[in-house]
Novice: 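Before anything else, here's the structure in question.
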Protein chains: 2
Amino acid sequence: MPPSSSARLSNCSTCNLAELCLPVGLTDEEMQRLDELNMQKRSYARGDYLYRGGDKFRAVFAINRGAFKTRVLHEDGREQVTGFQMAGEIIGLDAISTDMHDGEALALEDSVVCELPFHRLEALSRDIPSLQRHFHRIMSREIVRDQGIMLLLGSMRSEERVAAFLLTLSQRYAARGLSPTQFQLSMSRQDIGSYLGLKLETVSRAFSNFQEKGIIAVRTRSIEILDLALLQAGINSSC
Amino acid sequence: MPPSSSARLSNCSTCNLAELCLPVGLTDEEMQRLDELNMQKRSYARGDYLYRGGDKFRAVFAINRGAFKTRVLHEDGREQVTGFQMAGEIIGLDAISTDMHDGEALALEDSVVCELPFHRLEALSRDIPSLQRHFHRIMSREIVRDQGIMLLLGSMRSEERVAAFLLTLSQRYAARGLSPTQFQLSMSRQDIGSYLGLKLETVSRAFSNFQEKGIIAVRTRSIEILDLALLQAGINSSC
DNA sequence: CATGTTTTTTGACTCACATCAAACTCAATT
DNA sequence: AATTGAGTTTGATGTGAGTCAAAAAACATG
């Protein structure tokens with residue numbers, strides 16, 4: 001695969017993750033506000049479906065606690081992971097262009113979500129600035145794809161994809177006020193691979209290589225980023 | 001790369017070219033109708049730009065004679081071909097989501113186009129059935145990406161991509177009432193490769209292999225499909 | 001705690017496509 | 001007809017990631 005140029009990530013519109021991939025996130029205060037407004041809350045055990053392909057699009061969900069993955073199942077049974085959503089983020093926007101969920105979402109750990117019915121979104125968005133900011137996109141049914149696609153169609157190599165993936169997670173945790181250098185990985189290597197268009201072994205090898213270089217410290221279900229700058233550099237090496 | 005399953009093309013929503021890739025095309029009568037309506041016509045020499053990245057979106061263009069390629073230029077100078085448009089087809093729809101062209105279009109041969117100003121599209125579409133059919137998509141600014149993306153993000157292997165590419169061209173010529181088995185290739189191997197996410201050598205090799213098998217006859221700038229069924233089969237072999 | 005099951009890691013191997021380089025074609029120009 | 005140069009074909013070689021398999025680690029369960 002291409003060795004390609006040394007363009008900086010920030011200069012490359014086709015693979016600028018920072019701008020393109022951050023999902024709709026709510027602050028702690030906003031999550032609490034939803035509580036006060038008595039929005040319906042529901043619990044899901046690990047493995048439970050939040051919604052399935054073909055379900056009518058009636059609501060989006062604010063994740064209170066836990067994490068989910070979204071995926072589509074191909075006709076032949078293969079799974080394609082399309083994204084990960086964690087506490088403080090909104091999930092369920094994949095249906096906006098069709099009125100139907102084209103994929104399904106399932107809990108990666110025991111989770112609690114807050115349902116935001118479609119017909120109440122306008123009112124809610126007046127109260128929740130983060131929601132407001134994205135409301136017009138939701139209503140105009142603009143297609144919001146997360147960076148999975150961007151990475152796939154881009155020319156990134158396996159380690160670059162994995163580095164980009166970790167950095168995105170890091171940024172998302174930072175946005176929630178959590179540690180950007182030490183966090184859970186509630187999804188399996190298989191899930192990560194599917195999301196990035198790689199095999200699980202390749203993901204594992206990338207982790208191992210990064211660890212050998214002192215960039216990260218991996219444990220099975222969590223990770224610590226030891227050198228954010230180097231991880232960044234890993235992406236910029238090609239683009 | 002993946003050996004993958006033996007699902008049939010027609011059963012595989014992620015790579016069903018037939019439905020997804022045919023661009024907006026006008027019949028001969030419709031092109032003539034545009035003439036009668038005195039729509040502005042302009043000539044472009046090979047290599048001329050029809051529009052450039054960043055240009056304001058004021059019009060779409062019906063290609064009267066000739067052919068164009070659309071592309072985006074990356075910051076580092078690399079070119080990424082995003083599509084090919086030929087006589088009888090509409091070009092310039094890439095800007096609909098932003099009001100600005102995100103890429104540029106340039107003539108692959110000496111060409112004549114008919115300008116259809118955005119503000120006259122509604123009126124025009126009442127007269128031109130083909131345009132009518134796509135008008136709501138244009139106005140609703142629905143993102144219309146052609147099959148380049150589909151192919152790239154799919155799991156097709158090099159020869160499958162090239163076969164799919166030729167078949168699409170074939171269908172498009174057929175749609176214009178031209179021979180679906182014998183037609184010009186006004187773009188270079190380089191262009192085809194960029195479009196399909198392959199290197200020019202790989203495209204050339206695919207052509208040579210198909211020729212050896214008696215599926216096609218290649219000349220430098222044109223091609224004859226000798227066995228359409230076999231070419232189809234080449235795609236279905238994986239998906 | 002012992003046992004079985006799933007997930008992860010690691011290694012050896014394969015293969016499709018990229019890369020590099022040289023030869024060839026064909027059109028345009030002198 | 002000879003020259004040039006871009007575009008194309010072909011061959012030799014390299015390499016990144018997939019495949020297969022087995023060991024190791026993590027997790028679950030009686």
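None of these values were measured; they are calculated from a predicted model.
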Novice: Which part of the nucleic acid does B:R205 contact within heavy-atom distance under 4.0 Å: base, sugar-phosphate only, or nothing?
Specialist: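 Here B:R205 touches the bases of the nucleic acid.
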
Novice: Output the rounded distance in Å from CG (B:N209) to P (D:dT9).
Specialist: 12 Å

Novice: Taking atom P of D:dG7 as reference, at what distance in whole Å does atom CZ of B:F207 sit?
Specialist: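 Taking atom P of D:dG7 as the reference, CZ of B:F207 is at 16 Å.
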
Novice: Taking for each residue the nucleotide of DNA chain C with the nearest heavy atom, is it B:T220 or A:L200 whose nucleotide lies nearer the 5' end?
Specialist: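 It is A:L200 whose nearest nucleotide is closer to the 5' end.
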
Novice: Quickly work out the A:R46 CZ to D:dA28 P distance and round it to whole Å.
Specialist: 7 Å

Novice: When you get a sec, tell me which of D:dG18, C:dT8, D:dT9 is the closest nucleotide to the side chain of A:K199?
Specialist: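 Given the options D:dG18, C:dT8, D:dT9, the side chain of A:K199 is closest to D:dG18.
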
Novice: Between atom CG in B:L196 and atom P in C:dA18, what is the gap in whole Å?
Specialist: 11 Å

Novice: Rounded to whole Å, please give me the gap between CD in B:Q190 and C1' in C:dA18.
Specialist: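 Answer to the nearest Å: 14 Å.
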
Novice: Find out whether the Lys NZ or Arg CZ of B:R176 is both under 6.0 angstrom from the six-membered ring centre of B:Y173 and within 45° of the ring's axis.
Specialist: no

Novice: Starting at the 5' end of DNA chain D and moving along, which residue's nearest nucleotide shows up first, A:E159 or B:V218?
Specialist: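 Here B:V218 is the residue nearer the 5' end.
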
Novice: Is B:R219 touching bases, backbone alone, or none of the nucleic acid, heavy atoms closer than 4.0 Å?
Specialist: nothing

Novice: Just to confirm, is there a sub-4.0 Å distance from OP1 or OP2 of C:dA16 to any side-chain nitrogen or oxygen of B:T202?
Specialist: no

Novice: Roughly, in whole Å, what's the span from CG in A:L185 to C1' in D:dA26?
Specialist: 15 Å

Novice: Please report the distance, rounded to the nearest Å, between CD in A:E212 and C1' in C:dG11.
Specialist: 13 Å

Novice: Given atom CZ of A:R189 and atom P of C:dT6, what is their separation to the nearest angstrom?
Specialist: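 Atom-to-atom, A:R189 to C:dT6, this comes out as 18 Å.
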
Novice: Ring-plane angle category for A:F57 and A:H101, please: parallel below 30°, perpendicular beyond 60°, tilted otherwise.
Specialist: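 Aromatic pair A:F57/A:H101 classed perpendicular.
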
Novice: Measure the CE-CG distance between B:M86 and B:L178 for me, rounded to the nearest 0.5 Å.
Specialist: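 The CE atom of B:M86 sits 8.5 Å away from the CG atom of B:L178.
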
Novice: If the cut-off is 4.0 Å, is B:S204 near the phosphate of D:dT10, judged by side-chain N/O to OP1 or OP2?
Specialist: no

Novice: Give the nucleotide from the list D:dT8, C:dT9, C:dT8 with an atom nearest to the side chain of A:E201.
Specialist: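 Comparing D:dT8, C:dT9, C:dT8 against the side chain of A:E201, the answer is C:dT9.
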
Novice: Once you measure the plane-to-plane angle for A:F84 and A:Y195, does it fall in the parallel (<30°), tilted (30-60°) or perpendicular (>60°) bin?
Specialist: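 Ring orientation, 0 to 90° scale: perpendicular.
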
Novice: What residues, two or more places apart in sequence or in another chain, satisfy ring-ring contact (aromatic ring centres under 6.0 Å, His included) together with B:Y44?
Specialist: none

